[in-house]
Amino acid sequence: VQLQASGGGLVQAGGSLRLACAASGFTSNYYAIGWFRQAPGKAREGVSCISSSGVKIYYTDSAKGRFTISIDNAKNTVYLQMNSLKPEDTAVYYCAAAPGSTLLSTRGRWTAANYHYWGQGTQVTVSS
């Protein structure tokens, strides 16, 4: 499985960015894609995740109401639309893939170790 994250950049507070995660190499149709982020000096944290069907979608509190995750199976791409960005959203954003069953538990879906494949990360910087 290979994941390629893109779409990061520099934006002012209140602005928007759309991240994309192009995925390939899945041998199963039952998988999950998660977005995580890591700010300097902080632990990696979950942001949002989605099932391969697009039916199951989850957000952490920091993303609810501002971020929208979606999947385009025709393009094998997961998007993370980020609106109303804040300086505290500044981080490297990673997409990662896990078995679909990872989404079944609250703790499981936000545990980075459950995601076996990771993209290279894309930097998001929000200026105040």
Within a strict 4.5 Å, meaning less than it, do heavy atoms of the [X] and [Y] side chains meet?
X: Met82; Y: Arg66; value: no
X: Phe36; Y: Tyr115; value: yes
X: Cys49; Y: Lys56; value: no
X: Phe67; Y: Asp89; value: yes
X: Trp118; Y: Arg44; value: yes
X: Ser62; Y: Arg37; value: yes
X: Asn83; Y: Ser16; value: yes
X: Leu3; Y: Tyr94; value: no

Under 4.5 Å between side-chain heavy atoms, counting indirect links through other Ile/Leu/Val/Met/Phe/Trp/Tyr residues: same cluster for [X] and [Y] or not?
X: Val1; Y: Ile71; answer: yes
X: Leu104; Y: Ile33; answer: no
X: Val78; Y: Ile57; answer: yes
X: Trp110; Y: Leu19; answer: no

Are the side chain of [X] and the backbone N or O of [Y] linked by a donor-acceptor pair below 3.5 Å?
X: Thr60; Y: Val47; result: yes
X: Thr68; Y: Gln81; result: no
X: Asn29; Y: Ser52; result: no
X: Gln120; Y: Ala5; result: yes
X: Asn114; Y: Gly108; result: yes
X: Thr111; Y: Ala113; result: no
X: Ser48; Y: Tyr58; result: yes

Crowding at CD, Gln2 (>12 non-hydrogen neighbours, <6.0 Å): no
Residue pair [X] / [Y]: nearest heavy atoms and the distance that separates them:
X: Val92; Y: Gly121; answer: CG1-CA, 3.9 Å
X: Leu103; Y: Ile50; answer: CD1-C, 3.7 Å
X: Tyr30; Y: Ser28; answer: N-OG, 3.0 Å
X: Thr90; Y: Ala39; answer: O-CB, 3.6 Å

In Å and rounded to the nearest 0.5 Å, what is the [atom1] to [atom2] distance from [X] to [Y]?
X: Ser128; Y: Gln12; atom1: OG; atom2: CD; answer: 9.5 Å
X: Leu80; Y: Thr122; atom1: CG; atom2: OG1; answer: 11.0 Å
X: Cys95; Y: Tyr117; atom1: SG; atom2: OH; answer: 14.0 Å

Taking atom types as modelled, is there a side-chain donor on Thr125 or Gln123 under 3.5 Å from an acceptor on the other? yes
With Arg18, which residues qualify under salt bridge (Lys or Arg N to Asp or Glu O under 4.0 Å), at least two apart? none
What pairs with Tyr79 under ring pair (Phe, Tyr, Trp, His ring centres under 6.0 Å), at least two apart in sequence or on another chain? none
